[in-house]
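Read through the structure below, which is laid out as structure tokens, and then see the notes.
These numbers were taken from a predicted model, which means no experiment stands behind them. Within every chain, numbering begins at 1; the chains are lettered A, B, ... in the order of the sequence lines, protein sequences first and strands thereafter.
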Amino acid sequence: MPAETPVNRRLLVTSALPYANGPIHIGHLVEYLQTDIWVRFQKLTGNRCVYVCADDTHGTAIMIRARQEGRTEVELIADMQRQHETDFADFLIEFDNYGSTNSEENRQLCGELWASIRKAGLVKEQEVQQLFDPEAGTFLADRFVRGTCPKCGAADQPGDNCSSCGSAYTPADLVNPVSTLSGATPEVRTAPHLFIELEKLHGFLRDWVETSDALQPEIANYLKGHFLGPKDKPLELRDWDISRPAPYFGFEIPDAPGNYWYVWFDAPIGYIASTQQWCDKQTVQGNVEKLDDWWRSGDCEVHHFIGKDITYFHTLFWPGMLKTAGLALPTKVHIHGFLTVGGEKMSKSKGTFVNARTYLNHLDPQPLRYYYASKLSARVDDFDLTLDDFVSKVNTDLVGKVVNLASRAAKFVEKTGLSKEYPDDGGLFEQAAAAGDEIAAAYERCDYSHAMRLVLACADRANPFVEENKPWELRKDPANTDRVQEVCTIALNLFRQIAIYLAPVLPKLAQQTGELLNDPITSWDQSQTPLVGTPVAKFQHLMQRVETEKVQAMIDETKQNAAAAAGEPEASAPGAAAGTTFDDKWNDGPEPLATEPLAAECVYDDFTKVDLRIARVVEANHVEGADKLLQLTLSLGGGETRNVFAGIKKAYAPEDLVGRLVMYVANLAPRKMKFGVSTGMVAASGPGNEEVFLLSPDEGAKPGQRVH
RNA sequence: GGCCCGGUAGCUCAGUUGGUUAGAGCAGGGAACUCAUAAUUCCUUGGUCGGGGGUUCAAGUCCCUCCCGGGCUACCA
């Protein structure tokens with residue numbers, strides 16, 4: 001489909017902004033993976049696609065938490081943002097820009113949108129009664145108040161409804177209300193709030209919901225049923241309380257001093273602010289990008305990916321705000337359902353409330369990416385992660401069928417490379433190429449499960465081919481050398497075709513496939529033409545099987561974390577604390593430490609003076625006349641390279657170094673050597689000569705990342 | 001209570017505008033193979049498509065009704 005349409009689309013894509021009050025978990029990942037796959041697909045097909053996101057940082061919850069932790073909100077949100085960004089990166093989720101709602105760009109844009117909403121006459125002021133905590137000095141959101149139910153008398157009930165009798169009320173109705181922040185008895189106070197009169201946009205919203213094609217049918221239906229009402233008997237859209245009185249962590253409203261925008265006002269504007277940051281970054285790099293080309297242009301599509309819980313905000317308020325401000329309305333709001341684990345809601349005590357980081361401590365990101373893809377459709381349905389199903393699906397589909405194709409063919413052509421011409425394969429390649437359009441269409445409409453099904457069907461046709469042609473038997477007779485090469489050329493091409501189709505889901509596999517066959521995967525169109533005549537690299541496993549034990553360990557760790565957070569005593573791990581004895585089953589000897597005793601204590605600031613970075617060796621050469629040195633060209637990503645001479649010649653062959661990641665001392669003063677200038681050094685342990693051991697980061701590290 | 005979405009082989013699901021003996025993957029059973037990460041390939045068991053009624057030459061597919069599961073919302077039409 002992209003082949004026929006030379007005019008590339010321009011797409012701005014967002015995922016909902018994660019709240020800076022907690023870590024990313026596997027439920028969140030449904031959305032970020034869904035979006036990342038879509039974005040990677042769009043980029044692969046040649047569309048101009050920009051993926052922005054940001055941390056959502058404002059609101060009472062952040063303010064309270066920072067207070068409890070004895071630090072500023074800014075410190076708290078910076079810390080959370082670091083964690084979020086690392087988690088995303090390690091799941092191979094690539095944003096073009098990741099910002100924060102607590103940015104100057106956002107403050108400015110909030111002001112602009114606010115001004116237009118004022119100007120449109122949509123703002124009104126009204127007194128609001130709310131409970132106030134006199135000790136904490138703050139107004140209390142419903143969830144920060146508990147008390148006795150006014151109807152049934154059940155004690156210690158939440159501020160909005162009774163868990164015992166189910167009746168709904170406001171916090172002010174509670175008998176003996178208590179602030180969960182301070183334990184103080186809240187008092188009723190009145191404060192003026194600002195409201196946006198959404199009802200004034202009723203006609204526009206109805207029109208947009210019914211005719212824009214931006215919403216899934218079930219969502220349009222839901223909005224009409226619950227908020228807009230039938231055409232002949234419309235419901236009235238409620239005014240939206242958009243301000244909060246001080247103290248509040250957020251942006252102060254310029255024309256209403258002492259009042260702050262409610263977090264849900266500035267959060268979606270964060271999409272635009274993040275785009276602004278991206279534009280600025282591009283412009284600094286010499287590619288001039290203007291915000292208006294992305295948010296006020298008729299030919300740019302805006303796609304939001306969100307969960308069904310925030311439908312209301314993104315399908316009524318947000319289009320209303322955009323319309324009023326003269327900004328682009330969403331082309332599509334892609335709404336997904338929730339993740340269940342083992343058929344139930346994620347649960348901390350059952351160990352199914354798995355944080356992204358906990359997952360990564362035990363497993364690779366690609367299996368989860370694939371599993372989610374195999375389950376996701378364009379509908380709002382929830383989907384289930386069953387642990388056994390996860391293990392068997394990933395192992396059967398990816399390891400057993402897809403990767404197996406390469407695994408069984410590659411080593412027979414390590415010496416010869418691929419055939420010069422693509423042999424007759426009985427139409428297999430062509431058949432799979434023809435499936436490309438349907439697979440692409442499935443990706444485009446977010447029906448990934450359908451796409452995965454189609455791709456796997458290709459693998460199911462390819463494996464019998466290998467089976468029937470038995471390269472392992474052919475090679476026993478030297479007369480068949482050419483035929484072996486042909487058979488493996490076909491098998492590897494069918495594999496590569498699948499790797500291209502799966503590239504949005506499995507970017508790492510695509511990259512490794514490019515390296516294996518010496519032709520990087522960069523475009524969807526590569527699936528339409530066989531690759532011939534390239535050398536084939538030494539085969540390395542492309543993916544590890546998922547082991548049930550590791551999945552279980554992940555669940556166990558989640559349970560332990562939950563127990564620890566709940567204040568339950570945790571079994572102390574042997575040897576966990578410094579200086580304790582432990583069961584030394586490794587039998588590591590004392591010599592290394594004795595040879596080089598620990599250095600004098602230093603403070604953290606001393607450590608930060610050394611800027612350690614991850615770098616990729618992109619070139620490694622022998623140095624004429626040197627018997628210990630190799631000359632390395634290191635990449636820090638983005639085209640940044642450094643020249644380093646490293647004394648590792650006796651331990652490493654240059655060709656084994658190219659491509660690998662190393663730890664690089666980046667800010668070491670350059671040193672003039674006999675053979676040239678060495679900028680920085682590569683970190684290694686060992687006494688020297690043959691015994692030099694370079695350091696490698698774990699899977700997922702990227703060139704340019706600093707080591708903290 | 002209202003609204004919405006589902007109920008197809010043991011499990012996860014496909015089934016296009018109603019059209020011939022209802023499909024796939026996994027699991028189960030049997031065999032082959034041994035290049036490959038105990039991977040692969042071939043054959044095979046298995047379903048009154050939630051129940052009932054209706055429309056039609058023809059219904060998993062449309063209509064009515066009931067049962068079950070999930071979601072949203074709530075005593076307001």
Side-chain angles (χ1 to χ4, degrees), chain A residues 151 160-162 165-169 216-230 232-236 238 307-312 315 335-340 342-345 364 367 371 374-414 438 441-442 447-476 480 484 487-488 491-492 495 539-547:
Chain A
K151 291 215 174 139
D160 48 0
N161 64 72
C162 176
C165 72
S167 57
Y169 42 75
Q216 289 133 298
E218 60 264 47
I219 294 294
N221 202 4
Y222 161 76
L223 294 175
K224 281 186 272 185
H226 281 85
F227 302 108
L228 297 166
D232 50 338
K233 209 173 152 210
L235 297 169
E236 189 172 319
R238 274 175 295 181
K308 63 182 181 181
D309 52 328
I310 52 176
T311 297
Y312 188 54
T315 57
I335 303 180
H336 61 81
F338 293 151
L339 177 74
T340 56
E344 298 174 6
K345 280 186 182 166
D364 291 329
Y371 189 76
S374 77
K375 291 276 190 169
L376 278 165
S377 76
R379 314 194 48 162
V380 192
D381 303 342
D382 294 352
F383 77 86
D384 188 49
L385 164 66
T386 312
L387 298 172
D388 292 344
D389 187 42
F390 170 61
V391 172
S392 90
K393 197 166 191 65
V394 169
N395 290 343
T396 304
D397 289 0
L398 295 184
V399 181
K401 290 180 175 171
V402 175
V403 163
N404 187 231
L405 273 172
S407 180
R408 64 199 308 200
K411 76 172 193 181
F412 297 144
V413 282
E414 265 171 23
E438 197 185 343
D447 193 355
Y448 303 161
S449 62
H450 189 62
M452 295 306 104
R453 204 179 293 273
L454 294 169
V455 174
L456 258 289
C458 297
D460 282 333
R461 288 191 297 265
N463 271 307
F465 170 83
V466 179
E467 199 80 9
E468 283 157 23
N469 286 277
K470 302 186 180 13
W472 55 93
E473 236 167 62
L474 290 171
R475 67 198 277 266
K476 288 176 185 165
N480 291 327
V484 170
V487 169
C488 294
L492 288 171
F495 163 70
F539 183 76
Q540 295 169 353
H541 282 180
L542 299 172
M543 198 173 284
Q544 300 302 317
R545 304 174 68 77
V546 175
E547 290 163 37

Looking only at atom types and distance, does a side-chain atom of [X] sit under 3.5 Å from a main-chain N or O of [Y], one as donor and one as acceptor?
{"X": "A/Asn469", "Y": "A/Phe465", "answer": "yes"}
{"X": "A/Glu438", "Y": "A/Leu454", "answer": "no"}
{"X": "A/Gln216", "Y": "A/Ala378", "answer": "yes"}

Please report the distance separating the [atom1] of [N] from the corresponding atom of [M], rounded so that it comes out in whole Å.
{"N": "B/rG50", "M": "B/rU61", "atom1": "C1'", "result": "16 Å"}
{"N": "B/rU12", "M": "B/rA27", "atom1": "P", "result": "15 Å"}
{"N": "B/rU48", "M": "B/rG60", "atom1": "P", "result": "13 Å"}
{"N": "B/rC13", "M": "B/rU8", "atom1": "C1'", "result": "9 Å"}
{"N": "B/rG18", "M": "B/rG54", "atom1": "C1'", "result": "15 Å"}
{"N": "B/rC57", "M": "B/rU73", "atom1": "P", "result": "46 Å"}

When you match A/Lys411 and A/Phe338 each to their closest nucleotide on RNA chain B, which lands nearer the 5' end?
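Whichever sits nearer the 5' end wins; that is A/Lys411.
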RNA chain B: A/Lys308 or A/Asp447, which has the more 5' nearest nucleotide?
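On the 5' side of the pair lies A/Asp447.
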Send over the distance from [X] [atom1] to [N] [atom2], rounded to a whole Å.
{"X": "A/Lys224", "N": "B/rC5", "atom1": "NZ", "atom2": "P", "result": "12 Å"}
{"X": "A/Glu473", "N": "B/rA32", "atom1": "CD", "atom2": "C1'", "result": "12 Å"}
{"X": "A/Asn463", "N": "B/rC35", "atom1": "CG", "atom2": "C1'", "result": "12 Å"}
{"X": "A/Met452", "N": "B/rA24", "atom1": "CE", "atom2": "P", "result": "21 Å"}
{"X": "A/His450", "N": "B/rA24", "atom1": "NE2", "atom2": "C1'", "result": "12 Å"}
{"X": "A/Asn404", "N": "B/rU34", "atom1": "CG", "atom2": "C1'", "result": "12 Å"}
{"X": "A/Leu398", "N": "B/rU40", "atom1": "CG", "atom2": "C1'", "result": "16 Å"}
{"X": "A/Glu468", "N": "B/rA36", "atom1": "CD", "atom2": "P", "result": "20 Å"}

Could you tell me whether [X] contacts a base, only the sugar-phosphate backbone, or nothing, with contacts defined as non-hydrogen atoms closer than 4.0 Å?
{"X": "A/Val380", "answer": "nothing"}
{"X": "A/Lys393", "answer": "nothing"}
{"X": "A/Leu456", "answer": "nothing"}
{"X": "A/Pro471", "answer": "nothing"}

Could you work out which one of [options] sits closest to the side chain of [X]?
{"X": "A/Pro464", "options": "B/rA36, B/rU41, B/rU12", "result": "B/rU41"}
{"X": "A/Ser407", "options": "B/rU37, B/rC26, B/rA24", "result": "B/rU37"}
{"X": "A/Lys401", "options": "B/rU37, B/rG25, B/rC4", "result": "B/rG25"}
{"X": "A/His226", "options": "B/rC35, B/rA36, B/rG2", "result": "B/rG2"}
{"X": "A/Arg379", "options": "B/rU34, B/rC5, B/rU37", "result": "B/rC5"}
{"X": "A/Asp382", "options": "B/rG25, B/rA24, B/rG71", "result": "B/rG71"}
{"X": "A/Trp472", "options": "B/rC35, B/rC13, B/rU37", "result": "B/rC35"}
{"X": "A/Arg453", "options": "B/rA14, B/rA36, B/rU12", "result": "B/rA14"}

Distance-only donor-acceptor pairs under 3.5 Å for side chains of residues 402-410 of chain A, two or more places apart:
residue, atom, partner, partner atom, Å
A/Arg408, NH1, A/Asn463, OD1, 3.0
A/Arg408, NH2, A/Glu467, OE1, 3.0

State, yes or no, whether a side-chain contact exists between A/Phe383 and A/Thr340 at a heavy-atom distance under 4.5 Å.
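The answer is no, as the side chains (C-beta and beyond) never meet within the 4.5 Å cut-off.
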Student check: side-chain heavy atoms of A/Asp382 and A/Lys308 closer than 4.5 Å
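SC-SC contact between A/Asp382 and A/Lys308 confirmed.
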Identified pairing partner of [N], criterion: Watson-Crick or G-U wobble below 3.5 Å:
{"N": "B/rG47", "answer": "none"}
{"N": "B/rG69", "answer": "B/rC5"}
{"N": "B/rU40", "answer": "B/rA32"}
{"N": "B/rG25", "answer": "B/rC11"}

Derivation of the side chain to side chain contact (heavy atoms under 4.5 Å, CB included) call for A/Thr311 and A/Val380
CA-CA 11 Å; A/Thr311 297; A/Val380 192; over 6 Å; no
